[in-house]
Structure formats: C-alpha cells, structure tokens
Amino acid sequence: MQMKPDNWNLKTDQAIKLQNQLRSRLISSLPEGFELQTLAGVDVSFPGPGVGLCVIVVLSAVTGEVLEIAHHSMKVTFPYIPGLLSFREGPIFVETVTRLKVKPDLYFFDGQGIAHPRGLGLAAHMGLILKKPTIGVAKSHLFGHYEEPGNEKGTWSPLKDDKGGIIGAVVRTRAGKKPVFVSPGHLIDVEHSIEYTLKYTTKFRIPEPTRLAHLWTQKLKKSL
DNA sequence: GCGACAG
DNA sequence: ATCTTGTCGC
C-alpha cells in the first residue's frame, strides 16, 4: 500500500516504517533540462515550547538578490528525535511553502538529505513532497563514515554508508572552520549537491539561502 | 549492555 | 533547537 509522504499523524514506529517505504521513491539525478533560476533556503526556530516558526527565503540564482520571504508559525507536537526530524519540522514547512508566490527550482535545508539511517533525512523527505530538487546541508554529523577533509575552503571528503556507497560529502566551506555535511535530497546527485553548496556559500560557513532564513527565523521569533 | 545521536 | 552579554581573536 502506498503511503502519503505528508502523513504526519504517526507514532514513532510508524514514522520509521514510512521512511523505509519512501526512500525507494527518491531519484538521484537532476530533472531533464534542469535550469536553476531561483533557489530557496529553509529554517525553523522555536519561539517557545510547542511552537515552531518557519522561514523560506527565495533568491535569484543569478544575482543572489532576495526575491521573496515567506514565514509561518504554528503548534508543533512531534518531539525532536534524531532520525525523525522531518516529522517535527515537516508540517510547518509544508504550510509555509504554500504561501510562496515564486516556486523555487532548488531548496537548501538545514539538515541531512540521504545521509540518514534510513536514507530519508529532512531534505530528502521534503523533496518527495515538493517534487523538486533538494539538498541537505547539516551543521553536524548524523550518519555515515568519513575522513576529515583538508583545511582549505572547497576541500571535501566523501560520506559513505556501511557498504562503502557514497551518500554525501563533508565539505570545508570556510578555511579552518568546522565542515558542513552535505547530502542530496531528491532529484539531484552528490556531485551537484557539493557544487551548488560551494557556489552559494560565499561569506560564511553556511549557504546564503539557509543562512538568511536562519537570520529571519531568529529576528521574527523576537517580534512575537 | 554501551555509545551515537540532524534541529 | 534553547537558556544567554560581553568579549577575545582572526
């Protein structure tokens, strides 16, 4: 039986089963004739217990100019459990994305893509719902084996699963600073995930789209 | 049983 | 993620 990727009313054991079923639907290559015109960064903050605030910032892939910012806050019930982040942040993201006028060609998420225990991290799961290319750029490690990458910006080392398959990369986006964990979500491969992550990470360690989304998520949290 | 553990 | 100001350093 086919389950919907946006079924949030599940207990933890059922959520895990859903992830195992959805992983097979992932496509690991860009759509035919893919053209990157607009991209988005997503982030979620928690103004208080049981309340989440999501922000999506859309930028021009050419000029880097901010084209649109959408946000929404609502009650969150699912707890934070490593490996089940999409069930906590997914509902509010899906609600927020409906408020966008511009539909981005690519999304950056603050979390893992397929570099996940069941191959379905936040970025991968949201990609299946969006049916758009998604990339996960996490600030810390969750799953996979790797060697520390070189110390220069742009250097990276592969993230591998238990069988040695490459599921992402540990990328040094800033010399001398902690690397980020990049992995493809849906409709994209590891190589392009690294390429786009480096291309859109300019001044800081985190890609501009998600970095800006995070800034807004913190700013809006205070004005509530 | 003992660690590891996105945000 | 969140609790929290100024401060040392590149």
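- An OP1 or OP2 oxygen of dA6(B) is reached within less than 4.0 angstrom by no side-chain nitrogen or oxygen of Lys139(A).
- For Arg172(A) and Glu148(A), the salt-bridge test passes: some basic side-chain N is under 4.0 Å from an acidic carboxylate O.
- Just one residue in the list Ser193(A), Ser28(A), Pro184(A) forms a side chain to side chain contact (heavy atoms under 4.5 Å, CB included) with Ile114(A), and that residue is Pro184(A).
- In this structure, Arg118(A) contributes its side chain and Gly83(A) its backbone to a donor-acceptor pair below 3.5 Å.
- Rounded to an integer number of Å, the gap from Ile81(A) CD1 to dA1(C) C1' is 15 Å.
- Remark: the backbone N or O of Val97(A) is paired with a side-chain donor or acceptor of Lys103(A) at under 3.5 angstrom.
- At distances below 3.5 Å, at least one donor-acceptor pair connects side-chain atoms of Thr96(A) with backbone N or O atoms of Ile92(A).
- Spacing between atom CZ of Phe108(A) and atom P of dG7(B) amounts to 16 Å, rounded to whole angstrom units.
- Checked against a 6.0 Å centroid threshold, the rings of Phe143(A) and His116(A) do not count as neighbours.
- Judged by a 6.0 Å distance limit and a 45° cone about the ring axis, Arg211(A) is not positioned over the six-membered ring of Tyr200(A).
- Within the 4.0 angstrom heavy-atom criterion, base atoms lie near Gly83(A).
- Residue Ser140(A) has a polar side-chain atom (N or O) positioned under 4.0 Å from OP1 or OP2 of dG7(B).
- One can place NZ of Lys178(A) at 10 Å from P of dA6(B), the figure rounded to the nearest angstrom.
- Summarising the geometry, the separation between CG on Leu84(A) and P on dA1(C) is reported as 19 Å, rounded to the nearest angstrom.
- By the rule that hydrophobic residues join a cluster once side-chain heavy atoms approach within less than 4.5 Å of another member, Met74(A) and Phe93(A) end up as members of separate clusters.
- In this structure, of dT2(C), dG7(B), dA6(B), it is dG7(B) that holds the atom nearest to the side chain of Arg88(A).
- Distance, Phe46(A) CZ to dT2(C) P: 8 Å, rounded to whole Å.
- Counting any heavy atom pair closer than 4.0 Å across all strands shown, Lys221(A) reaches sugar-phosphate atoms only and no base atom.
- A stacking contact links Tyr80(A) to dG7(B): the aromatic ring centre lies within less than 5.5 Å of the base's six-membered ring centre, and the planes differ by less than 30°.
- Atoms CZ (Arg118(A)) and P (dA6(B)) sit 13 Å apart, rounded to a whole Å.
- Aromatic pair Tyr196(A)/Phe108(A): centroids not less than 6.0 angstrom apart.
- The backbone N or O of Val102(A) sits less than 3.5 Å from a side-chain atom of Glu68(A), completing a donor-acceptor pair.
- Contact check of residues 154-162 of chain A against DNA chain C (heavy atom, cut-off under 4.0 Å) returns no residues at all.
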Polar atom pairs (N or O), protein with nucleotides 8-10 of chain C, under 3.5 Å:
none

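- Distance CZ (Phe93(A)) to C1' (dG7(B)): 15 Å, rounded to an integer number of Å.
- Here the C1' atom of nucleotide dA4(B) and the CG atom of Leu142(A) are 9 Å apart, to the nearest Å.
- Across residues 204-220 of chain A, His214(A), Gln218(A) each have a non-hydrogen atom less than 4.0 Å from an atom of DNA chain C (numbered order).
- The backbone N or O of Thr217(A) sits less than 3.5 Å from a side-chain atom of Ser45(A), completing a donor-acceptor pair.
- The aromatic ring centres of Phe34(A) and His192(A) sit 6.0 Å or more apart.
- Side-chain proximity of Leu85(A) to the nucleotides dC5(B), dG7(B), dC3(C) is greatest for dG7(B).
- The side chain of His141(A) approaches dC5(B) more closely than any other nucleotide in the set dG7(B), dC3(C), dC5(B).
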